[in-house]
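Heads up, the thing below is written out as structure tokens.
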Amino acid sequence: MTLSFPQDAPVYDLSTLGKVFSDGERAVLNIAAATASFNNLNDARKIGALIKPDVAAVEDAVKAARGIAEADKKGGMSFGFKLGSPEPGPGEQGIPKGVQGTAVFTYWF
């Protein structure tokens, strides 16, 4: 479960953009490789299971790009925050216990 404000895409923390986009690129390549084996409708469930782990990374990259594109170009500030469950670490199964929060303040001129 995630709570975020505002509902639109805030400008991302610039220090994380490189990782967000490289993870998104890797996810798109994984999805392309998985769908290359798609031969008929009977393969849809198998392909869905293969690409499921990569969908979130693509969504994050798209949200970051949208936040950059929709940022007010006239100058000003933006504030956003997000609270939710932490992402599993490398090799972990399931969602770790606890709450993770991110706050982003952006001022552009």
With sequence neighbours excluded, residues passing salt bridge (Lys or Arg N to Asp or Glu O under 4.0 Å) with Lys19: Asp23

In one Ile/Leu/Val/Met/Phe/Trp/Tyr side-chain cluster, 4.5 Å: Val55, Leu29: no

Atom pair OG1 (Thr35) and CD1 (Ile51), whose distance is rounded to the nearest 0.5 Å: 7.5 Å

From Arg26 atom CZ to Ile31 atom CD1, the distance as rounded to the nearest 0.5 Å: 12.5 Å

Closest heavy-atom pair and its distance - Phe21, Ala61: CE2-O, 3.4 Å

Non-hydrogen atoms of Ala27 and Val58 that approach each other most closely: CB-CG2, 3.7 Å

